[in-house]
Amino acid sequence: MTLTPRAPSRTAGTRDSLGYRVFTIVNTALLVGVCLAMLYPFITVIAQSFSSSGAIKAGLVSFWPVGFNTDTYAAVIGNGMFWRNYGNTVLYTVVGTAIAMALTTSYAYVLAKHHLRGRALLIGIAVFTMFFNGGLVPNYVLISSLGMKNTMWAIVLPGAISVFNLLVMKSFFENLPTELEEAAQIDGLGWFGIFTRIVLPLSKAVIATMVLFYSVAFWNDWFGAFLYLDKNELFPVTLFLRNLIAGASTTASESAAVGSTAADLNANIQSVTMILTVIPILCVYPFVQRYFVSGVMLGSVKG
């Protein structure tokens, strides 16, 4: 009988050695420093949004509000058009993300099948659009000629498929075990049944990631609305806040001499608008974060 030598285990003395303690201290300090470096800008923006205009202009705001002020929040939130446009943003984000996920998942699943005729052509068409597009004026003419100007579809359809997300999802589908699909075919499932009942439930991690990517893109988009929407009641909240910042910047110089409220609002209106737009994404991320963890761990269970 051959005895296999056991791997040396780490003893208590090794764990408590000077080198290990130094490594732990340095590693902890570096991680804390990285976390503070990432949190500092966000904390500063929050503090500025609740600070007075004089403190902001004097550069006195860092981690804590100076001269506590909520006038800008009251002015923005008290505007009825703000809530109308906020509802538009939620609608555009939900509808746009649903359409984008339906098109991206189905297209990626098709491209993941190596036996598909014309697969190389379909991939080439998708990749081609990453490097070449018609340009701003042709896109505007196209949207207008299709009758989508001043409609929700001008916002949700042009960005329905991100080629980067498409290729990521295609790679994920290609790594799924083919034996599962073969077993499903033997049980009588067609391609659509395999896709909806086998593939999608196994792809929760990548689907949650793509949902977050698309949601953030639709939520933050204002340029498409700036081009294709002329009615204020159709604006997303990002365009409303952009116009608010532009208007405050224009009137601040005119009203600063007489001490108008507009000058005070302009000092922290950018911070307020950033907070109001980022809060929904921060609320959604904790529910999606566990799927990111699952996605990271997928590679560790392969045999």
Side-chain angles (χ1 to χ4, degrees), residues 76 79-111 118 121-170 207 209-251 269-270 273-274 276-281 284:
V76 174
N79 192 324
M81 189 58 67
F82 169 79
W83 295 108
R84 176 71 178 271
N85 294 156
Y86 219 102
N88 292 339
T89 298
V90 174
L91 178 63
Y92 299 159
T93 301
V94 172
V95 175
T97 303
I99 294 175
M101 289 303 301
L103 296 178
T104 303
T105 52
S106 57
Y107 195 2
Y109 183 66
V110 168
L111 296 181
L121 177 62
L122 292 175
I123 295 177
I125 292 174
V127 174
F128 181 83
T129 62
M130 294 183 67
F131 305 100
F132 303 97
N133 61 74
L136 187 61
V137 174
N139 285 336
Y140 180 85
V141 173
L142 175 63
I143 295 298
S144 301
S145 62
L146 292 176
M148 293 192 298
K149 188 177 179 182
N150 284 321
T151 66
M152 175 181 63
W153 310 114
I155 308 301
V156 301
L157 290 183
I161 295 183
S162 167
V163 179
F164 174 80
N165 294 345
L166 174 70
L167 297 179
V168 171
M169 189 164 286
K170 178 186 78 71
I207 289 176
T209 304
M210 295 301 127
V211 166
L212 183 64
F213 287 170
Y214 277 121
S215 298
V216 171
F218 281 113
W219 186 271
N220 292 331
D221 180 45
W222 66 270
F223 191 66
F226 181 76
L227 289 177
Y228 305 127
L229 302 181
D230 298 328
K231 301 178 181 179
N232 292 338
E233 60 270 17
L234 296 177
F235 286 174
V237 70
T238 47
L239 184 56
F240 169 83
L241 297 176
R242 178 262 177 194
N243 294 338
L244 191 65
I245 293 174
S249 300
T250 302
T251 59
I269 195 170
Q270 294 186 9
T273 54
M274 283 189 284
L276 291 176
T277 53
V278 79
I279 283 177
I281 300 301
V284 170

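Counting begins at 1 with the first residue of the sequence. This one's a predicted model, so the numbers in the text were calculated from it and none came from an experiment.
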* Using a 4.5 Å cut-off on heavy atoms from C-beta on, say whether the side chain of Pro236 contacts that of Thr93. => no

* Asked: Going by heavy atoms in the side chains, are Val168 and Asn165 under 4.5 Å from each other?
  -> no

* **Interatomic spacing from CE in Met210 to CG in Leu166 - rounded to 0.5 Å** => 10.0 Å

* Side chain proximity check, Met274 to Val278, heavy atoms < 4.5 angstrom -> no

* What distance separates Thr209 OG1 from Phe213 CZ, expressed to the nearest 0.5 Å? -> 6.0 Å

* To do: Look at the aromatic rings of Tyr86 and Trp219 and report parallel, tilted or perpendicular, splitting at 30° and 60°.
  => perpendicular

Distance-only criterion, 3.5 Å: show the donor-acceptor pairs between side-chain atoms of residues 121-136 and protein atoms not counting sequence neighbours.
| from | atom 1 | to | atom 2 | distance (Å) |
| --- | --- | --- | --- | --- |
| Thr129 | OG1 | Ala126 | O | 2.6 |
| Asn133 | OD1 | Gly135 | N | 2.9 |

* To do: Would you mind reporting whether Ile99 and Leu157 have side-chain heavy atoms less than 4.5 Å apart?
  => yes

* Asked: Any donor and acceptor pair, going by atom type alone, linking the side chain of Ser145 with main-chain N or O of Leu142 inside 3.5 Å?
  -> yes

* Side-chain contact test, heavy atoms from C-beta onward, threshold under 4.5 Å: evaluate it for Val95 versus Ile155 and give yes or no. => no

* **Closest heavy-atom pair and its distance - Phe235, Leu229** => CE2-O, 3.5 Å

* To do: Output yes when a side-chain donor or acceptor of Asn88 lies under 3.5 Å from a complementary backbone atom of Glu233, and no otherwise.
  => yes

* Asked: Which is it for Thr238 and Asp221 under the side chain to side chain contact (heavy atoms under 4.5 Å, CB included) test, yes or no, and what are the steps along the way?
  -> CA-CA 7 Å; Thr238 47; Asp221 180 45; 5.9 Å; no

* Asked: Just by modelled atom types, is the Asn232 backbone N or O under 3.5 Å from a matching donor or acceptor in the Asn85 side chain?
  -> yes

* **Minimum side-chain heavy-atom gap Tyr228-Asn139 below 4.5 Å** => yes

* Say you draw a straight line from CZ of Phe240 to CZ of Arg84; how long is it, rounded to the nearest 0.5 Å? -> 12.5 Å

* Structure fact -> Distance col, row Leu91:CG vs Met152:CE, nearest 0.5 angstrom, shows 5.0 Å

* Can you find a side-chain donor-acceptor pair between Lys170 and Tyr107 that sits under 3.5 Å? -> no

* Give the minimum heavy-atom separation between Tyr214 and Gly159, together with the two atoms involved. => CE2-O, 4.1 Å

* Taking the side chain as every heavy atom from C-beta outward, state whether Tyr92 and Leu234 have any atom pair closer than 4.5 Å. => yes

* Between CE of Met101 and OG of Ser106, what distance do you get to the nearest 0.5 Å? -> 10.0 Å

* Asked: Taking C-beta and beyond as the side chain, do Pro158 and Ile143 meet within less than 4.5 Å on heavy atoms?
  -> yes

* Asked: Rounded to the nearest 0.5 Å, how far does CG of Leu111 lie from CG of Leu167?
  -> 8.0 Å

